[in-house]
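We're numbering straight along the sequence, starting at 1.
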Amino acid sequence: MKKAMKTNFFPTFFVIVAQKAGTTTLHDMLRCESSVELPSIKETHFFSDDERNARGMDWYLKWFDDKGPGSVRGEVDPDYMFFHRSAERIADIAPDPKIVIILRNPLDRAYSQYRMSKRRGFETLPIVRALIEEPQRLAEGTVQALKQHSYASRGRYAQQIDRWKHALPRADFLFIRFEDFVKPETKPETYCRICDFIGVRTTLTSQKMRVISNPASVPNSTLLTGLLWGDSGMKRLLKPMAHILLPKKDTRGKIAIMLDQWNRKPGPPTHEDWWSDLPAEICTDCATEIRKAEAATGMDLSDWLS
């Protein structure tokens, strides 16, 4: 039987959670909903990545499966909140979407991103030194620095929220605390709030509530990590062969993500007092940003200050 053609309607909701604030978990939970259409590749980065955006809307829309009348279409992508042109590009095709923003304590979020960058081989500095060196790294203006070393910058939520509100004045925003989304006692109610907001009738199941995706981890093989994410001589040697066997870049990307998931094992517990060595100016800046985020969202974030 011939598969029905995909419809060309644009997404009506975007979840632009701060990176390392439950992105994968929420994406995987929404995939369980029969009426939600998400891209078949997680995080297309279509609105944040210049190269992918240049491929056009046909390339973007091809990743969505048409589930028929009554379904809602959207995307979960943490890069959209941080990268400047994302909001403007979305405004061009969906001027009044539903926007869900999940925020996490900036220090916890920064440390989680640091661990991910270190696991992938992009970070060699200790966490405190990495935060001190961040302004200089970002001043170089490279895409890799923005993606891998933006530890404190991604936690400056107020300016990012203001940018989105300015670009999308007709959009409807829902702000969620990361803690409310991950704690077992508040997760069901918080997930229902998100579903109601984006127009999805959900049935809570134990399977959905057990979803905890992308936990902290370390690589099983540093060699494989280097091949997937680094710039080693072996990777440069094997790259032409990969292009011949897998000519489509998107296919290579999906396989890389699958191998990265396979190459993980649980990491050590978070070092809870690592921030005690932070310079006073970084701590002060973080406290200021938390208060600005309170004003921008109307949420009580006072416990983050402790």
Side-chain angles (χ1 to χ4, degrees), residues 11-48 63-65 67 71-83 86-87 90 94 97-106 108-113 115-116 154-155 157 160-161 164 171-217 254 257-258 260-261 264 293 297 299 301:
T12 58
F13 76 88
F14 292 91
V15 183
I16 59 168
V17 297
Q19 188 186 46
K20 310 307 295 180
T23 313
T24 307
T25 296
L26 181 56
H27 178 273
D28 291 346
M29 292 176 72
L30 289 174
R31 285 191 69 85
C32 297
E33 304 292 346
S34 59
S35 61
V36 175
E37 298 179 8
L38 296 174
S40 57
I41 56 170
K42 180 180 174 287
E43 300 176 9
T44 69
H45 302 319
F46 177 73
F47 296 101
S48 58
W63 296 109
F64 294 88
D65 287 326
K67 293 187 175 181
S71 61
V72 296
R73 177 171 289 185
E75 187 176 9
V76 182
D77 196 314
D79 275 1
Y80 290 168
M81 183 170 176
F82 181 63
F83 283 85
S86 302
I90 287 174
K98 303 282 188 178
I99 304 294
V100 179
I101 299 180
I102 302 179
L103 301 183
R104 184 178 184 180
N105 181 311
D108 291 337
R109 196 221 63 79
Y111 189 67
S112 184
Q113 181 188 352
R115 294 181 72 170
M116 180 179 70
R154 288 182 187 257
Y157 301 133
Q160 297 171 60
I161 292 168
W164 273 81
D172 197 4
F173 289 84
L174 174 67
F175 299 104
I176 299 290
R177 287 165 46 100
F178 172 77
E179 296 88 342
D180 295 336
F181 178 59
V182 297
K183 287 182 179 178
E185 60 269 28
T186 54
K187 186 175 182 179
E189 178 185 354
T190 304
Y191 180 67
C192 286
R193 283 183 64 201
I194 294 171
C195 287
D196 288 344
F197 179 74
I198 65 176
V200 173
R201 296 184 62 183
T202 185
T203 300
L204 293 180
T205 64
S206 58
Q207 178 186 3
K208 289 178 190 174
M209 292 302 105
R210 285 197 301 267
V211 173
I212 303 175
S213 306
N214 208 16
S217 61
K254 292 176 73 172
I257 291 173
M258 290 172 58
D260 182 61
Q261 293 285 343
R264 297 183 185 188
T297 64
M299 294 191 295
L301 307 176

Please find the pair of heavy atoms, one from [X] and one from [Y], that lie closest to each other, and give the distance.
{"X": "Arg201", "Y": "Glu33", "value": "O-OE1, 4.1 Å"}
{"X": "Pro78", "Y": "Ala18", "value": "CB-C, 4.3 Å"}
{"X": "Cys192", "Y": "Thr202", "value": "SG-CG2, 4.2 Å"}
{"X": "Gly155", "Y": "Gln160", "value": "N-NE2, 4.4 Å"}
{"X": "Tyr191", "Y": "Met29", "value": "OH-O, 3.4 Å"}
{"X": "Pro39", "Y": "Gly74", "value": "CD-O, 3.5 Å"}

Test your reading of the model: is there a side-chain donor-acceptor pair from [X] to the backbone of [Y], 3.5 Å cut-off?
{"X": "Thr190", "Y": "Asp180", "result": "yes"}
{"X": "Asp77", "Y": "His45", "result": "yes"}
{"X": "Thr25", "Y": "Gly22", "result": "no"}

Side-chain heavy-atom pair [X], [Y] within 4.5 angstrom cut-off:
{"X": "Glu43", "Y": "Asp79", "value": "no"}
{"X": "Leu103", "Y": "Met299", "value": "yes"}
{"X": "Glu75", "Y": "Trp63", "value": "no"}
{"X": "Leu174", "Y": "Ile194", "value": "yes"}

If I take atom [atom1] from residue [X] and atom [atom2] from residue [Y], how far apart are they, to the nearest 0.5 angstrom?
{"X": "Trp164", "Y": "Phe14", "atom1": "CH2", "atom2": "CZ", "result": "7.0 Å"}
{"X": "Thr297", "Y": "Phe175", "atom1": "OG1", "atom2": "CZ", "result": "6.0 Å"}
{"X": "Ile41", "Y": "Phe64", "atom1": "CD1", "atom2": "CZ", "result": "9.5 Å"}
{"X": "Glu179", "Y": "Arg104", "atom1": "CD", "atom2": "CZ", "result": "8.5 Å"}
{"X": "Leu38", "Y": "Leu30", "atom1": "CG", "atom2": "CG", "result": "6.0 Å"}
{"X": "Ile102", "Y": "Leu26", "atom1": "CD1", "atom2": "CG", "result": "5.0 Å"}

For Glu185, does the CD atom sit with more than 12 other heavy atoms under 6.0 Å from it, leaving out its own atoms? yes
Residue pair Phe13, Val100: steps toward the side chain to side chain contact (heavy atoms under 4.5 Å, CB included) verdict: CA-CA 8 Å; Phe13 76 88; Val100 179; 5.6 Å; no
So if I apply the side chain to side chain contact (heavy atoms under 4.5 Å, CB included) rule between Val76 and each of Arg31, His27, Lys42, which one comes out positive? His27
Side chain to side chain contact (heavy atoms under 4.5 Å, CB included) partner of Ile16, the single match among Tyr80, Phe82, Phe47: Tyr80
